[in-house]
Amino acid sequence: MYGLFKPRVLGAWRVPAGGPVIFAVNHSHNIDGPMVMGTAPRGTHFLIKKEAFIGPLGPFLEGIGQLKVDRTVADRTAITDALAVLDRGGVLGIFPEGTRGDGDFASLRAGLAYFAVRSGAPIVPVAVLGSTERRGRLIKALPPLRSRVDVVFGDPFPAGDGSGRRTRKALDEATVRIQDRLTGHLANARRLTGR
C-alpha cells in the first residue's frame, strides 16, 4: 500500500498490542480492506465475500490468512474460522455493513455484534477516508497512484453490556451501541482529516 498510495495512519497506537481484537472498518472502495491490512500495527484476517476468491486471487487470499464467507447463508465454516482467529488472540477484520456502499456505517448487519459479544473481543473502529474521492487515470477502478488515503483507528470498546447475555435482544442492543460508536468515530475521523 505504501508503494502505490500515500497512506496517512492516525491512532494506530490505540490498537491493543495483544489479545483478540475486531476491526470494524467502513467500506466504500475495494482498496479499504487491503489498505487496513497494509497499515495496521497487527496482522489482520478479514471476512471476505467468497466471490473474491476467484482465479489466482483465491489461493493468494487464503495464503495470507483471509477468510472466505458466503453472504447468502449463515456460513458456519466462516463463523467457526472467525471465532478461531479471536480464540488465538488474533485480529478479525469486518465490514459491518456487509457490502461496499457509502461507508457511513448507516446500516449494520448483526455479524459484528455476534462476534464481539460471543468472543468478548473489543472492537476498534477504523475509518478509511479518501479512497473514493477521485478515480485514477491509468486504472479507473483505483484511486490515483500516490494519492493520500487516511486510515484512522479509534479507541477500543466492548460491545456487550457486561451481563454476558447472548440473546437476540442482547445482540440487537449491542448493534445499536456499536453503530453509535462507529458513526461517532467516523465523524471524528472526518474532522481530524478534513475529509
Side-chain angles (χ1 to χ4, degrees), residues 1 15-16 18-128 131 151 153 156-160 164-179 181-182:
M1 290 288 106
V15 176
V21 174
I22 299 173
F23 287 160
V25 184
N26 68 322
H27 194 26
S28 55
H29 197 283
N30 283 334
I31 70 160
D32 296 339
M35 186 62 69
V36 172
M37 283 187 269
T39 61
R42 294 178 61 188
T44 308
H45 304 272
F46 267 93
L47 280 169
I48 300 174
K49 63 183 179 182
K50 71 175 185 176
E51 295 84 0
F53 287 75
I54 55 170
L57 189 57
F60 171 74
L61 289 172
E62 289 171 358
I64 62 171
Q66 304 316 301
L67 310 173
K68 183 188 315 184
V69 63
D70 183 347
R71 298 176 302 163
T72 63
V73 296
D75 187 337
R76 293 192 183 282
T77 301
I79 292 168
T80 302
D81 291 347
L83 289 172
V85 165
L86 296 170
D87 286 344
R88 291 191 306 266
V91 179
L92 178 65
I94 295 179
F95 300 114
E97 294 169 290
T99 188
R100 212 171 41 252
D102 291 335
D104 57 3
F105 296 121
S107 160
L108 301 191
R109 298 178 75 173
L112 174 58
Y114 172 79
F115 289 120
V117 170
R118 173 90 164 44
S119 68
I123 296 172
V124 172
V126 184
V128 180
S131 58
V151 181
F153 293 90
F157 65 93
R165 294 179 304 133
R166 296 182 189 171
T167 63
R168 178 84 243 157
K169 183 178 181 202
L171 291 177
D172 289 344
E173 290 169 356
T175 298
V176 170
R177 282 191 301 277
I178 291 167
Q179 186 166 28
R181 294 291 296 262
L182 297 182

Q. How long is the gap from CE on Met37 to CZ on Arg42, to the nearest 0.5 Å?
A. 15.5 Å
**Q.** Under 3.5 Å: donor-acceptor pair, side chain of Arg177, backbone of Pro158
**A.** no
Q) Counting only N and O atoms by type, is there a donor-acceptor contact under 3.5 Å from the side chain of Asp70 to the main-chain atoms of Asp75? A) no
**Q.** Least distance between heavy atoms, Ala40 atom then Phe153 atom
**A.** CA-CZ, 3.8 Å
Q | Heavy-atom side-chain contact between Ser119 and Pro20 under 4.5 Å | A | no
Q) Out of Phe115, Phe46, Phe23, which one pairs with Ile94 under the side-chain contact (heavy atoms from CB on, under 4.5 Å) rule? A) Phe115
(Q) Looking at every non-hydrogen atom in both residues, tell me the closest pair between Leu61 and Ala52 and how far apart they are. (A) CD1-O, 3.8 Å
Check: residues 81-91 side-chain donor-acceptor pairs under 3.5 Å, at least two apart:
none

Q. Can you tell me how far the CD1 atom of Ile79 sits from the CG atom of Leu67, to the nearest 0.5 Å?
A. 12.0 Å
Q | Rounded distance [0.5 Å steps], CG in Leu47 versus CZ in Phe95 | A | 9.5 Å
Q. Any side-chain heavy-atom pair from Thr175 and Pro96 closer than 4.5 angstrom?
A. no
Q. Say you draw a straight line from CD1 of Ile22 to CD1 of Ile178; how long is it, rounded to the nearest 0.5 Å?
A. 8.0 Å
Q.
Determine whether a donor-acceptor pair (N or O, by modelled atom type, separation under 3.5 Å) exists between the side chain of Gln66 and the backbone of Thr44.
A. yes
Q | 4.5 Å side-chain heavy-atom contact, Val126 and Val151 | A | yes
**Q.** Heavy-atom closest pair, residues Pro156 and Arg181
**A.** O-NH2, 4.4 Å
Q. What distance do Asp172 atom CG and Arg168 atom CZ have between them, rounded to the nearest 0.5 Å?
A. 4.5 Å
